Amino acid sequence: MYYRHRPSIDALPGYRQGSPAPAVPGFTSYKISSNENPYPPLPGVIQTVSEQALSHLNRYPDMHGTRLVERLAQLHGVDPACIQLGCGSTEVITQLVDLVAGHGDQVVYPWRSFEAYPIIVTSAGATGVPVPLDTEGRHDIEAMIAAVNDRTRLVIVNNPNNPTATNVDRDQAERLLQALPADLPVLFDEAYIQFNDDPDRADGLSLMREHPNVIVARTFSKAYGLAGLRIGYAVAAEPIIAGMNKVALPFGVTDAAQTAAMASLDAQDRLAERVQALKQERARILAGLQEQGWKIPEPRANYYWLPLGQAAAQADQHFRDAGLSVRTFPGEGIRITVGEREANDRVLEVCADLRRQGLPQDPIAD
């Protein structure tokens with residue numbers, strides 16, 4: 001049936017959730033397609049949520065998340081007016097795009113990158129300007145600068161980049177910011193910042209203190225293991241946060257999510273232990289892949305990228321046959337989450353088989 005709608009939506013691909021673990025006889029299956037944390041919530045989180053949040057589900061949550069906002073402001077050394085909550089970092093990015101861009105405006109972002117960017121931008125009525133990554137799977141900063149014009153209302157930096165897990169360093173970030181107008185908002189999407197151990201990485205919060213047009217988006221979904229509760233936040237100058245608050249979904253962040261985030265912040269030592277364990281496992285996987293002959297971008301997140309090019313779809317089936325769901329981008333590559341040790345061992349086995357079979361690889365990987 002015909003219905004009135006915006007034609008721009010017709011060509012927009014819907015967001016694809018990571019596929020569930022395939023059921024394969026004789027295997028314990030693993031979902032390593034969504035960059036989820038293999039660990040459960042941090043100690044004390046489930047009990048605190050049960051005791052403090054579940055008994056009053058008939059009440060609306062604090063729409064502004066006052067206690068959590070104050071806690072995050074103290075953590076990051078900013079005024080509470082510089083913090084905005086959302087249903088994951090995806091929603092605060094949506095708030096920002098809704099604030100700054102509309103019909104006739106443009107938003108510049110790297111590509112391939114987070115799949116929600118074109119959806120968010122098109123939904124706001126704006127036009128996305130995807131800038132291809134360089135040959136190493138990193139942001140092409142000079143190309144991003146060249147893509148900016150009078151219609152540009154936002155530039156997005158995804159650090160580390162999803163799905164290639166590559167880092168944007170300080171020099172690159174400063175080059176970008178120095179080249180752009182001081183009143184053009186620049187978003188640093190740092191959903192995986194806790195896993196980015198590059199000593200030269202760009203730090204969005206430090207940049208924000210020097211460049212008032214910088215906005216930082218972070219989440220509790222990844223390192224903190226709260227993906228199912230949907231809570232993230234933005235840090236930015238007060239006028240930007242005030243504007244984002246106006247376009248935010250009312251009561252979007254539940255009391256259970258706010259309570260879980262507060263309890264998670266009380267477990268920083270355990271968080272650090274888990275992040276370190278995942279980084280050590282990532283290093284083990286990387287060493288194993290390199291020993292097999294794979295050449296992949298240095299991963300700075302809780303996932304890594306196999307740039308397989310046209311062989312990606314064929315390789316995907318090998319992983320599924322082994323009881324593993326991975327995130328495949330046909331014609332480009334495969335993103336694999338660092339998961340349980342057994343899952344990681346099986347990835348290495350599959351990758352070794354792919355090498356033995358002489359699977360064609362993208363030039364980046366060979």
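Note that the numbering runs from 1 along the sequence shown for the chain. Small disclaimer: the values here were computed from a predicted structure and weren't measured.
Hydrophobic cluster membership differs between L57 and Y60, with clusters built from Ile, Leu, Val, Met, Phe, Trp and Tyr side chains linked at under 4.5 angstrom. In this structure, L85 is not a member of the same hydrophobic cluster as I193, with clusters built from ILVMFWY side-chain heavy atoms closer than 4.5 Å. Criterion: ILVMFWY side-chain heavy atoms under 4.5 Å apart, direct or through other members. Under it, L226 and L54 are part of a common hydrophobic cluster. Put simply, L99 and M63 are part of two different groups of oily side chains (I, L, V, M, F, W, Y) that touch within less than 4.5 Å, one to the next. Both V69 and L75 belong to a single network of hydrophobic side chains, linked directly or stepwise wherever heavy atoms of I, L, V, M, F, W or Y lie under 4.5 Å apart.
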Test side-chain contact (heavy atoms from CB on, under 4.5 Å) on R274 and L42 and set out the steps.
CA-CA 9 Å; R274 291 183 174 187; L42 289 160; 3.8 Å; yes
Can you check side-chain contact (heavy atoms from CB on, under 4.5 Å) on E298 and D198, steps first, answer last?
CA-CA 10 Å; E298 179 78 19; D198 189 322; over 6 Å; no
Kindly determine whether Y304 and I285 satisfy side-chain contact (heavy atoms from CB on, under 4.5 Å), including the steps that lead there.
CA-CA 9 Å; Y304 47 100; I285 298 167; 3.6 Å; yes
Could you walk me through whether L176 and I145 pass the side-chain contact (heavy atoms from CB on, under 4.5 Å) check?
CA-CA 7 Å; L176 177 70; I145 293 170; 3.7 Å; yes
Can T166 and N161 be said to form a side chain to side chain donor-acceptor pair (under 3.5 Å), step by step?
CA-CA 5 Å; T166 50; N161 186 59; 4.5 Å; no
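Between the N37 side chain and the A223 main chain, a donor and an acceptor come within less than 3.5 Å of each other. Using modelled atom types, one side-chain atom of S264 and one backbone atom of A260 make a donor-acceptor pair closer than 3.5 Å. With D321 contributing its side chain and H318 its backbone, the two residues share no donor-acceptor pair below 3.5 Å. The main-chain N or O of L184 is found under 3.5 Å from a side-chain atom of N213 such that the two form a donor-acceptor pair. In terms of modelled atom types and a separation under 3.5 Å, the side chain of R151 and the main chain of V148 share no donor-acceptor contact. A donor-acceptor contact shorter than 3.5 Å is absent between the side chain of R218 and the backbone of V235. In this structure a side-chain-to-backbone donor-acceptor pair under 3.5 Å is missing from Q258 to L68. Within the 3.5 Å criterion, the main-chain N or O of F195 finds a donor-acceptor partner in the side chain of R282. A donor-acceptor contact shorter than 3.5 Å is absent between the side chain of R320 and the backbone of S325. For N149 (side chain) and T152 (main-chain N/O), a donor-acceptor pair under 3.5 Å exists by modelled atom type.
Between R327 and S34, the side chains place no donor N or O within less than 3.5 Å of an acceptor N or O (distance only, hydrogens not considered). Remark: the Q95 side chain and the E91 side chain contain an N/O donor-acceptor pair separated by less than 3.5 Å. Side chain to side chain, D255 and H56 meet the donor-acceptor criterion of an N or O pair below 3.5 Å.
For Q74, the CD atom sits in a loose shell: 12 or fewer heavy atoms of surrounding residues, nucleotides or ligands are nearer than 6.0 Å. In Q357, the CD atom is crowded: over 12 heavy atoms of neighbouring residues, nucleotides or ligands sit closer than 6.0 Å. Counting non-hydrogen atoms of neighbouring residues, nucleotides and ligands closer than 6.0 angstrom, the CG atom of N58 exceeds 12 such neighbours. Within 6.0 Å of the CD atom in E238, the count of heavy atoms belonging to other residues, nucleotides or ligands does not exceed 12. Counting heavy-atom neighbours within 6.0 Å of D200 CG, excluding the residue itself, gives a total above 12. Around the CD atom of E291, the shell of radius 6.0 Å holds no more than 12 heavy atoms that belong to other residues, nucleotides or ligands.
Checked against the 6.0 Å centroid threshold, H76 and Y233 count as a close aromatic pair.
Interatomic distance, CZ of R153 versus CG of D183, reported as 9.0 Å (0.5 Å rounding). Put simply, CG on L354 and CD on Q292 are 9.0 Å apart, with the number rounded to the nearest 0.5 Å. Within the model, atoms CG of L306 and CZ of R335 stand 12.0 Å from one another, a figure rounded to the nearest 0.5 Å. I334 contributes atom CD1, which lies 8.0 Å from atom SG of C351 (distance to the nearest 0.5 angstrom). Between the CG atom of D189 and the OH atom of Y109 there is a distance of 13.5 Å, given to the nearest 0.5 Å. Between the CD1 atom of I336 and the CG atom of N344 there is a distance of 9.5 Å, given to the nearest 0.5 Å.
E273 and R270 are joined by a salt bridge, as a carboxylate oxygen and a charged side-chain nitrogen come within less than 4.0 angstrom of each other. The pair D203-R209 does not meet the salt-bridge criterion, since no charged nitrogen lies less than 4.0 angstrom from a carboxylate oxygen. A salt bridge links R71 to D266: at least one charged side-chain nitrogen sits closer than 4.0 Å to a carboxylate oxygen. Taking 4.0 Å as the cut-off between side-chain N and carboxylate O, R284 and E281 count as a salt-bridged pair. With respect to D197 and R300, a salt bridge is recorded, a charged nitrogen being found less than 4.0 Å from a carboxylate O.
Proximity of V157 to H139: side-chain heavy atoms (C-beta onward) are separated by under 4.5 Å at one or more points. With contacts defined as side-chain heavy-atom distances shorter than 4.5 Å, the pair Q106/V108 does not qualify. Inter-residue side-chain proximity for R138 and P297 is flagged as unmet; no heavy-atom pair is nearer than 4.5 Å. M262 is not listed as a side-chain neighbour of Q52, based on a closest heavy-atom distance of 4.5 Å or more. With contacts defined as side-chain heavy-atom distances shorter than 4.5 Å, the pair L308/W294 qualifies. Put simply, the side chain of Y117 does not reach to within 4.5 Å of the side chain of V107, judged on heavy atoms. No side-chain heavy atom of V78 sits less than 4.5 Å from a side-chain heavy atom of L205. Taking the side chain as every heavy atom from C-beta outward, H211 and V186 never approach each other to under 4.5 Å.
Here the closest non-hydrogen pair linking A202 and N159 is O-ND2, 3.4 Å. Across all non-hydrogen atoms, the minimal contact from P110 to L133 is CB-CD2, 3.9 Å. Across every non-hydrogen atom of I32 and L324, the tightest pair is CD1-CD2, 4.2 Å. The two atoms that bring E342 and T28 nearest to each other are OE2-CB, 4.3 Å, heavy atoms only. Between L229 and A256, the closest heavy-atom pair is CD1-O, 4.0 Å. Scanning both residues, A261 and I231, for their nearest heavy atoms gives CB-CD1, 3.9 Å.
The side-chain hydrogen bond (donor to acceptor under 3.5 Å, both in side chains) test with Y192 is passed by exactly one of N302, N35, T219, N158: N35.
Ring planes of F220 and Y224: tilted class, angle from 30 to 60°.
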